[in-house]
Amino acid sequence: MRERWLDPFRVPQPETDSAASMPEAAQGGGHRGGTRPKARAKNMSGTLRRLWGYLAERKLKLTAVLALVALSSGLALLGPYLVGQAVDLYLDEGAANAPDFPWGWFLLLLGGVYVLTSAVSWTHNVWMISIAQETVYRLRTDLFAHLHRLPITFYGRRQQGEIMSRLTNDIENVSGTLNSSAIQIFSSVLTLVGTVSVMLWLSPLLTLLTFTVVPLMFIGIRWITRRTGPLFKVRQRSLGELNGYIEETLSGQRIIKAFSQEERVQGEFRARNEGIRAAGFWAQTISGFIPKVMNSLNNLSFAIVAGIGGILATRDVITVGTIIVFAEYSRQFTRPLNDLANQWNTLLSAIAGAERVFEIMDEDTEEKEDGAAQPIERVLGEVRFEHVGFAYDEGKPILSGVSFTARPGEMIALVGPTGAGKTTLINLLSRFYEPTEGRITLDGRDLASIRRDSLRSQMAFVLQDSFLFEGTIRENIRYGRLDATDAEVEEAAKLANAHSFIVRLKGGYNKRLSADGSGISSGQRQLLAIARAILADPSMLVLDEATSSIDTVTEIKIQEGLQRLMQGRTSFVIAHRLGTIREADRILVLKDGRLLEHGSHDELLAQDGFYAELYRSTQRGESVDSASESAGSRVSEAAEADVQAAGSGPKRSSFK
Amino acid sequence: MDKVLSSLGKYRLSAGVALFMMLLELAVELSQPFIISRIIDAGIRAGDTGVVWMWGGVLAGGALLAFAAGIIGSYYAAYAAQGFGYDLRERLYAKVQGFAFETFSRFASSSLITRLTGDVSQVQETIFMALRFMTRIPLVVAGSVIMAMVVNLKLGLMLAASVPPLLLFVWWMIRRAGRLFQLVQQRLDRVNGVIQENLTGIRLIRVFVRMDQENRRFREASGELMRGTVGALRLTETTLPFIMLLVNAAILAILWFGRLDIASGTATEGETVAVVNYALRTIGAMSMLAWIAAMFSRAGASAGRIREVLRSGDAASSAERAGVERLAGADVEFKDVSFTYPDSDRATLEDISFRAPAGSRIAILGATGSGKSALAQLLLRLYDADAGEVRVGGTDVRRLDVRSLRGSIGYVPQEAVLFSGTVRENIAWGRPEATDAQIAEAARAAQLHETILNLPQGYETRLGQRGVNLSGGQKQRLSIARALVREPQLLVLDDSTSALDVKTEAALLGELEALRCTTFLITQKIASTASADLILLLDEGRLIASGTHAELLRGSGLYRRIVESQAGKEARHA
């Protein structure tokens with residue numbers, strides 16, 4: 001017999017509570033309710049087979065667990081049966097013939113059964129937990145490692161939150177289920193079958209009478225769940241709405257205060273709060289019937305066993321011991337029935353979770369695409385784009401027909417409105433994407449023939465919203481080259497103009513940065529990213545310049561740091577500032593995925609095209625971005641491009 | 001009474017009924033072993049069928065009674081719990097809305113959200129469970145032991161003897177398991193943290209080819225999680241086998257002495273059977289104790305977090321409401337104003353003084369962190385100055401009625417915060433009674449009208465999660481329209497045109513010039529300051545220069561440098 005037991009991550013349900021009565025939201029804590037539909041596995045047998053593949057690595061232990069579960073189910077039946085025997089054979093004074101088995105030995109036997117029951121159930125539980133956790137560990141680390149092998153395009157297609165949820169919620173789900181539900185289902189089935197068999201063997205008549213409550217139970221539960229299903233759906237929806245409203249109004253609290261809308265917001269809140277009370281009340285009441293129905297049927301079957309069993313006993317059809325055994329067994333068979341219903345739902349959702357995990361593992365990896373690619377040594381950095389095009393979907397090119405050459409050490413500025421293809425170009429260069437037409441060469445070699453990791457170790461990125469890891473400043477800079485000494489780290493920081501602000505921080509180089517990046521400003525983050533890139537000492541550089549949010553002084557510092565970083569390296573700069581553009585060796589003006597114009601600043605001015613117009617409007621004091629959105633296009637058109645870029649293409653914000 | 005539980009006060013009648021119903025159920029269940037002892041002793045052994053029928057009928061009647069009690073109890077428990085949750089949420093929300101902004105900022109808004117959603121649900125669910133099950137469990141244990149002693153004192157005492165060590169064990173286990181699971185939770189957080197970081201920084205990791213290092217880091221974290229989980233679960237899994245072992249030992253003793261006593265006539269067969277049955281019920285109830293303790297301790301933690309909100313900020317919010325005077329004009333004056341954010345140790349603003357006549361346009365210029373936004377917050381009384389006076393219409397803002405003050409200000413924050421709903425609802429958000437004409441007028445002034453008409457459902461287009469996503473510039477313009485529709489006397493734009501292209505911005509500024517309100521324009525762009533009546537140049541919390549564009553070009557080196565860095569460079573080349 002396996003009981004539900006304390007585990008804060010899986011709230012066990014008291015007595016005879018069913019799955020429906022404990023909605024996910026109650027356990028989910030801070031989750032937004034109602035956002036995740038209950039998932040069912042699409043390919044259950046396939047998923048089970050793969051999950052089994054993971055479990056099978058501990059086949060021997062698993063077999064032992066199953067055997068022990070069978071044993072403990074049997075022992076759980078034996079205990080009450082022996083108590084019944086004790087009553088009939090030893091306690092009944094009227095018993096005709098005293099048994100030849102001594103009473104002391106009998107009790108010793110019973111004691112032995114009891115000790116064995118506890119020992120066996122403890123052993124199989126503990127073993128199962130270690131099997132389950134090891135399995136989950138492998139599943140988790142495999143999935144994680146796989147994430148690092150997936151092509152970046154995968155991350156463009158999926159939302160981060162969704163991937164995150166597979167690695168956390170879905171795996172936790174599998175973990176919880178393997179911990180207990182799996183063997184609980186097995187043990188429930190065994191207990192059920194065993195109990196019914198022994199009952200039939202002892203007294204078919206009383207068994208039949210006891211079973212009259214089973215249809216009642218099913219009818220009752222069905223009546224309830226048919227009503228609670230829709231009720232819970234409504235409740236989840238209103239809970240989601242309420243939580244959404246709370247989230248929104250608390251995040252926007254400044255606006256609410258500034259517009260003195262507190263009272264109106266409170267009124268709207270009250271309406272939603274009342275909504276959830278109305279929805280929650282009936283859902284909770286009716287689902288609360290389930291344990292009551294189960295309890296009452298237990299009571300009823302107890303009454304049948306005691307009352308009718310008693311009559312039968314007076315006519316010597318059955319013995320008193322049988323009544324006692326039945327009284328205990330009848331409790332034991334409604335419980336597994338109920339357990340089964342509970343565990344079945346958990347199991348199904350865990351299989352669906354496992355399926356979502358395997359789905360990601362089935363995605364093709366970058367290595368697979370790499371094929372016969374070779375590693376490279378240090379490159380000079382001559383980059384050629386030959387009629388390069390890229391499209392996610394055929395017929396909707398994001399970039400097309402781009403050709404240019406960047407000579408070693410040159411600085412290339414990329415200019416154009418949002419959604420013009422600047423980021424895509426960078427993604428192609430770093431082989432996050434593969435061109436769908438044309439080819440890119442590096443020092444004359446086709447990029448596709450160069451291994452990705454080897455290519456990328458020749459490059460460094462400094463992006464607008466510099467990503468830093470949780471850890472010290474020193475660790476974050478050292479990320480550029482893991483074997484760098486402290487002195488080298490500091491040297492890089494000095495070159496990047498970061499040293500002076502770092503030493504002023506409390507803790508200096510050992511100051512810990514939190515994941516959300518609080519503690520230092522965005523300009524300082526960028527200085528750290530520059531230091532990291534300097535330390536990496538790459539042949540090629542990709543920079544996404546900072547825009548208006550950085551103040552003048554920091555901007556000058558960043559500019560200096562970048563200058564030092566770019567020296568002698570082929571650099572691609574997504575330029576937002578005129579100063580950068582003017583200094584570039586070559587400017588690529590992109591619009592709608594095409595290379596509109598290219599050349600030096602003076603050449604482009606002489607052409608008097610898009611760039612020239614752009615330049616003129618920036619002279620009026622605008623930033624390049626806003627100017628490039630207005631230059632040569634109507635406002636609404638640019639806004640449309642904005643929306644499109646947000647919908648389909650790779651956004652800059654995703655380039656972290 | 002406790003601040004959290006007082007929400008239950010209104011529903012104490014329902015809660016009382018629910019508890020009473022639960023006790024009824026309990027009584028029915030506890031009577032069963034006793035009745036079976038009567039059936040055996042007075043019925044079967046005495047050969048009296050009538051007695052058996054009678055007690056069997058009593059059992060069936062009891063089952064029906066328990067059923068009725070269960071249904072009624074469920075209804076009242078749900079009523080009490082839902083009412084409690086409703087009331088608590090209502091109080092919390094009202095409390096939070098009544099917070100002074102300063103108090104509000106002390107809590108992270110994400111933490112407040114959790115308290116209002118997850119924590120309230122947790123406490124509410126626990127109350128429901130308490131009314132239906134939890135309080136029953138200890139009573140089953142106590143009741144079984146007492147009933148066993150009533151049936152047969154000596155045999156009952158054997159059962160009673162096993163209870164103290166069991167309680168002790170469960171108590172020890174709960175404490176230890178609590179600590180272990182806390183550790184597990186920490187490790188789980190760490191695992192999730194690594195995942196989060198890796199997903200966010202995936203490109204960086206690729207570019208620096210650090211996959212192996214990250215994999216190793218993750219394996220370490222997951223390994224720790226695995227070991228922690230196994231350790232914690234291994235402990236909790238010992239509990240039930242141990243409880244069973246102890247109570248089963250008591251059953252052996254009851255059987256042994258039961259037989260002796262039956263022989264000596266001090267006990268009957270039925271009594272022995274009844275006591276054994278009570279012992280079996282004790283096992284079932286005991287196994288739930290740890291679960292109840294865990295649930296209560298979680299609910300306790302949640303209640304603690306809720307209490308913290310309910311208790312804080314009473315003083316501040318009453319101070320905020322102290323002012324009663326109506327706003328008398330739209331001229332603004334800062335007199336020697338100094339201000340430090342509550343959680344900061346550096347002054348945000350120091351000795352700021354300036355005058356802005358009604359209807360004038362003030363541009364505030366300065367680097368990030370120079371105190372520009374703080375200035376706006378003081379004007380809105382989201383914060384109060386530490387020293388000096390902020391006067392609007394000649395009255396210290398602290399003496400003004402906050403609603404009257406804020407009602408006259410159109411505020412456009414740095415980050416365009418929109419609410420879910422339609423475009424129209426968002427524009428009219430600060431003035432729900434605004435007519436269609438007024439809404440369209442505001443949208444036109446904000447250069448948004450045309451864009452809205454091009455949206456799928458025009459003004460009725462839904463925004464946000466289930467609707468259209470606007471671009472940054474569109475959001476900013478919408479948030480400007482929202483401020484304009486209120487026809488404010490003062491308009492505060494906190495760097496809210498950064499995503500607009502120059503033509504749109506120019507058109508917008510033109511519209512603003514036509515308005516008669518006093519306008520504060522916080523910006524980083526020289527282009528938008530040039531035509532202001534007064535430019536305030538802030539640096540590290542100090543007002544280092546003020547005047548018109550021409551005056552500052554002459555008088556302020558920093559201003560000239562900023563002008564040069566943005567446009568002047570080109571000017572020199574020309």
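So you know, we letter chains A, B, ... as the sequences are listed, proteins then strands, and number each from 1.
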When the 4.5 angstrom heavy-atom criterion is applied to Trp55(B) and chain A, the contacting part is neither
message = Does any part of the side chain of Phe67(B), heavy atoms only, come nearer than 4.5 Å to the side chain of Leu297(A), both counted from C-beta?
response = no
The interface call for Leu482(A) against chain B, heavy-atom contacts under 4.5 Å, is both
Given Ala119(A), Ala86(A), Gly104(A), Gly280(A), the one with more heavy-atom pairs under 4.5 angstrom with chain B than any other is Gly280(A)
Turns out that what part of Ile39(B) lies under 4.5 Å from chain A's heavy atoms comes down to side chain
Practice problem: State whether Trp429(B) and Arg264(A) meet the cation-pi test: NZ (Lys) or CZ (Arg) under 6.0 Å from the six-membered ring centroid, and within 45° of the perpendicular axis. | Solution: yes
Taken to the nearest 0.5 Å, the spacing of Arg234(B) CZ from Trp122(A) CH2 works out to 6.5 Å
- request: State, yes or no, whether a side-chain contact exists between Val96(B) and Leu250(A) at a heavy-atom distance under 4.5 Å.
  value: yes
On a heavy-atom basis, the closest approach of Pro241(B) and Ser121(A) is CG-OG, 3.8 Å
Ranked by heavy-atom pairs below 4.5 Å to chain A, first place among Gly56(B), Ala232(B), Ala94(B), Gly57(B) goes to Ala94(B)
So, the part of Val191(B) with a heavy atom under 4.5 Å from chain A: the answer is side chain
The interface call for Leu225(B) against chain A, heavy-atom contacts under 4.5 Å, is side chain
Ranking Thr249(A), Val136(A), Val83(A) by heavy-atom pairs under 4.5 Å to chain B gives rank one to Thr249(A)
Scanning both residues in full, the closest heavy-atom pair of Gln284(A) with Ala81(B) reads OE1-CB, 4.0 Å
Taken to the nearest 0.5 Å, the spacing of Ile276(A) CD1 from Ser121(B) OG works out to 6.5 Å
Per-residue tally against chain A (heavy atom, under 4.5 Å) across Ile195(B), Leu418(B), Leu112(B) peaks at Ile195(B)
- Item | Ring-face cation contact, Tyr93(B) with Arg270(A), 6.0 Å cut, 45° max | no
Original post:
Would you call the rings of Phe281(A) and Tyr79(B) parallel, tilted or perpendicular, where under 30° means parallel and over 60° means perpendicular?
Top reply: perpendicular
Max heavy-atom pairs within cutoff under 4.5 Å with chain A, candidates Thr49(B), Ile36(B), Asn248(B), goes to Asn248(B)
Quick one, Arg486(B) with Phe259(A), criterion side-chain contact (heavy atoms from CB on, under 4.5 Å). Give me CA distance, side-chain angles, the key distance, then yes/no.
CA-CA 9 Å; Arg486(B) 283 160 61 95; Phe259(A) 282 63; 3.2 Å; yes
So, the part of Gln261(A) with a heavy atom under 4.5 Å from chain B: the answer is side chain
Do Glu29(B) and Asn299(A) meet the criterion of a side-chain donor-acceptor pair at a distance under 3.5 Å?
no
Of Ser74(B), Gly70(B), Gly85(B), the largest count of non-hydrogen pairs under 4.5 angstrom with chain A goes to Ser74(B)
Separation between CG (Asn198(B)) and CE (Met164(A)), nearest 0.5 Å, reads 10.0 Å
Do the non-hydrogen side-chain atoms of Phe302(A) and Ile35(B) ever get within less than 4.5 Å of each other? no
Rounding to 0.5 Å, atoms CD (Glu90(B)) and CG (Asn273(A)) come to a distance of 5.5 Å
side-chain contact (heavy atoms from CB on, under 4.5 Å) for Arg219(B) and Arg140(A)? Distances and angles first, verdict last.
CA-CA 9 Å; Arg219(B) 271 199 305 276; Arg140(A) 213 196 290 268; over 6 Å; no
Charged N-O contact under 4.0 Å between Arg403(B) and Glu263(A)
yes
- Does some side-chain heavy atom of Phe218(B) sit less than 4.5 Å from a side-chain heavy atom of His148(A)? no
Apply salt bridge (Lys or Arg N to Asp or Glu O under 4.0 Å) to Glu134(A) and Arg227(B), showing your working. CA-CA 9 Å; Glu134(A) 279 165 31; Arg227(B) 282 184 290 278; over 6 Å; no
Side chain to side chain contact (heavy atoms under 4.5 Å, CB included) filter on Ala283(A), not counting sequence neighbours, yields Leu231(A), Phe232(A), Arg235(A)
Parallel, tilted or perpendicular: which fits the ring planes of Trp256(B) and Trp103(A), with parallel below 30° and perpendicular above 60°?
parallel
Whatever's closer than 4.5 Å to a heavy atom in chain B on Ile256(A) counts as both
Could you check Phe469(A) against Val194(B) for side-chain contact (heavy atoms from CB on, under 4.5 Å), going step by step and ending with a plain yes or no? CA-CA 9 Å; Phe469(A) 291 92; Val194(B) 176; over 6 Å; no
Heaviest contributor of heavy-atom pairs below 4.5 Å to chain B, chosen from Arg315(A), Gln253(A), Glu274(A), is Gln253(A)
Heaviest contributor of heavy-atom pairs below 4.5 Å to chain B, chosen from Arg277(A), Gln133(A), Arg456(A), is Arg277(A)
Report task. Dump the intermediate steps for side-chain contact (heavy atoms from CB on, under 4.5 Å) on Leu199(B) and Leu147(A), then the final yes or no. Result -> CA-CA 9 Å; Leu199(B) 288 180; Leu147(A) 283 177; 4.2 Å; yes
When the 4.5 angstrom heavy-atom criterion is applied to Val230(B) and chain A, the contacting part is both
Are Gln82(B) and Thr285(A) close enough that some pair of their side-chain heavy atoms sits under 4.5 Å apart?
no
Highest number of heavy-atom pairs under 4.5 Å with chain B among Leu242(A), Val320(A), Leu300(A), Ile324(A) belongs to Val320(A)
Here the gap from Phe289(A) atom CZ to Ile71(B) atom CD1, rounded to the nearest 0.5 Å, amounts to 4.5 Å
What I'd like to find out is whether the side chain of Ile44(B) reaches to under 4.5 Å of the side chain of Ile311(A), using heavy atoms alone.
no
With a 4.5 Å limit on heavy-atom distance, are the side chains of Asn215(B) and Thr141(A) in contact? no
Nearest heavy-atom contact between Ala303(A) and Ala60(B) is CB-N, 3.5 Å
Most heavy-atom pairs under 4.5 Å with chain A, out of Gln213(B), Glu450(B), Gln447(B), belong to Gln213(B)
Of Leu280(B), Thr272(B), Val28(B), Ile40(B), the largest count of non-hydrogen pairs under 4.5 angstrom with chain A goes to Leu280(B)
Assert top hit (heavy-atom pairs under 4.5 Å, partner chain B, pool Ile255(A), Ile308(A), Thr168(A)) equals Ile255(A)
Interatomic distance, CD1@Ile129(A) vs CE@Met226(B), rounded to 0.5 Å, equals 13.5 Å
Report yes if the side chains of Gln97(B) and Phe269(A) come closer than 4.5 Å at any heavy-atom pair, otherwise no. no
